[in-house]
Amino acid sequence: NRQVGPCADYSVTTKDLKVYLSSRRQWCFVSSLENILGSNCDRQVLLTFDDGYRNNLTEALPVLEEHKIPCLLFLATGFIDGTVYPYEIELAEVIEQVNTLSVPGRSEPVEPQSLSKRQSVYRELRLPLKSASRTRRESFMNQLANQNGYDRSDAQREPLLNWEEVRRLN
């Protein structure tokens, strides 16, 4: 279980998903704009999942099928075909693993010893990367790997869906 980054900030456990769905039993779950506009229901829920993590298939889908609840899955096709990896997750992985972090463009290393310091360093480094071009982000992440002596593929462990699994979701 991650303590830093998007998986720590935005992920929901299977148990939490079940609790959420149970708390919305009287609501209408919809899966498209047409459903929303055509519904007579006062309270509607449009459940979405982002990026295409494998646990959408292995963890969330069984719960949704059990409750007969539709959802939308927004897929990052570059994650699926392997041409792009979520830099936020790689950054979080590195910050969680090191005690001293050499940051590109800084003369002094950062020592994120506590969880709050690790979270702070993550947010500080992530923010400019979010608005940077893909080329700039990749350059930064390559420099980060070189300066800290890790292989980027070793830090890219988060399981993402492949195309066969995406087809199984349909």
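Just so we're clear, the structure is a prediction, and the values are computed from it rather than from any experiment.
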Closest approach of Ile89 to Pro6 (non-hydrogen atoms, all atoms of both residues) = CG1-CG, 3.8 Å
Tell me, please, which residues at least two apart from Ser102 pass side chain to side chain donor-acceptor pair (under 3.5 Å).
-> Gln147
Side chain to side chain contact (heavy atoms under 4.5 Å, CB included) evaluation trace for Asp51 with Leu75 = CA-CA 5 Å; Asp51 300 328; Leu75 300 172; over 6 Å; no
Could you tell me whether the side chain of Asn55 and the main chain of Thr58 form a donor-acceptor pair under 3.5 Å?
-> no
More than 12 heavy atoms of other groups within 6.0 Å of Gln113 CD = yes
Got a donor-acceptor contact below 3.5 angstrom from the Glu165 side chain to the Asn162 backbone?
-> yes
Without swapping roles, check the side chain of Glu96 against the backbone of Val4 for a donor-acceptor pair under 3.5 Å.
-> yes
Might you point out which heavy atoms bring Ser22 and Arg25 nearest each other, and give the distance in Å?
-> O-CG, 3.2 Å
Pairwise distance CG(Asn99) to CD(Glu111) - rounded to 0.5 angstrom | 8.5 Å
Do you know which two heavy atoms are closest between Ile95 and Leu101, and how far apart they sit?
-> CG1-CD2, 4.0 Å
Any donor and acceptor pair, going by atom type alone, linking the side chain of Arg137 with main-chain N or O of Leu129 inside 3.5 Å?
-> yes
For the side chain of Arg118 and the backbone of Val98, is there at least one donor-acceptor N/O pair under 3.5 Å apart?
-> yes
Does some side-chain heavy atom of Arg134 sit less than 4.5 Å from a side-chain heavy atom of Val84?
-> yes
Residues Ser114 and Ser116: side-chain donor-acceptor under 3.5 angstrom = yes
Using atom types as modelled and distance alone, determine if a side-chain donor or acceptor of Glu88 lies under 3.5 Å from a backbone N or O of Arg126.
-> no
Could you give the distance from CG (Leu17) to CZ (Phe49), rounded to the nearest 0.5 Å?
-> 5.5 Å
Joint hydrophobic cluster, Val166 plus Leu72, side-chain heavy atoms closer than 4.5 Å = no
Should Ile80 and Leu61 be regarded as members of a common hydrophobic cluster, given that ILVMFWY residues are connected when their side-chain heavy atoms come within less than 4.5 Å of each other, either directly or indirectly?
-> yes
Within one Ile-Leu-Val-Met-Phe-Trp-Tyr cluster: Val19 and Leu64, side-chain cutoff 4.5 Å | no
Under 4.5 Å between side-chain heavy atoms, hopping through other hydrophobics if needed: is there a path connecting Leu125 to Leu115?
-> yes
Spatial distance of atom CD (Glu164) from atom CG (Leu169) [nearest 0.5 Å] = 11.5 Å
Does the side chain of Pro86 come within less than 4.5 Å of Phe79's, by heavy atoms?
-> yes
Determine, stepwise, if the pair Val103 / Asn148 fulfils side chain to side chain contact (heavy atoms under 4.5 Å, CB included).
-> CA-CA 8 Å; Val103 179; Asn148 291 283; over 6 Å; no
For residues 136-166, pull every pair meeting disulfide (SG to SG under 2.5 Å), keeping only residues two or more places apart or in separate chains.
-> none
Salt bridge between Glu138 and Arg152, side-chain N to carboxylate O under 4.0 Å?
-> yes
Give a yes or no on whether the backbone of Leu161 and the side-chain of Arg54 come within a donor-acceptor separation of less than 3.5 Å.
-> no
Kindly give the heavy-atom pair with the smallest separation between Ser31 and Pro70, and that separation in Å.
-> CB-CB, 3.6 Å
When rounded to the nearest 0.5 angstrom, what distance separates SG in Cys41 from CD in Gln26?
-> 9.0 Å
Could you grab the distance from atom CG of Leu21 to atom CH2 of Trp27, nearest 0.5 Å is fine?
-> 12.0 Å
Kindly give the heavy-atom pair with the smallest separation between Leu46 and Val30, and that separation in Å.
-> CD1-O, 3.2 Å
Any side-chain heavy atom of Ile69 within less than 4.5 Å of one from Val45?
-> no
Would a hydrophobic clustering, with Ile, Leu, Val, Met, Phe, Trp and Tyr connected at side-chain separations under 4.5 Å, put Met141 with Val121?
-> yes
Do other residues, nucleotides or ligands put more than 12 heavy atoms under 6.0 Å from Asp42 CG?
-> no
Side-chain donor-acceptor contact under 3.5 Å, Glu90 with Tyr150 | yes
Spatial distance of atom CD (Gln3) from atom CD (Gln119) [nearest 0.5 Å] = 7.5 Å
Answer yes or no: is there a donor N or O on one side and an acceptor on the other, between the side chain of Asp16 and the main chain of Val12, under 3.5 Å?
-> no
Only pairs at least two apart or in different chains count here, so list each side chain to side chain donor-acceptor pair (under 3.5 Å) that has a residue in residues 66-87.
-> Asp81-Thr83
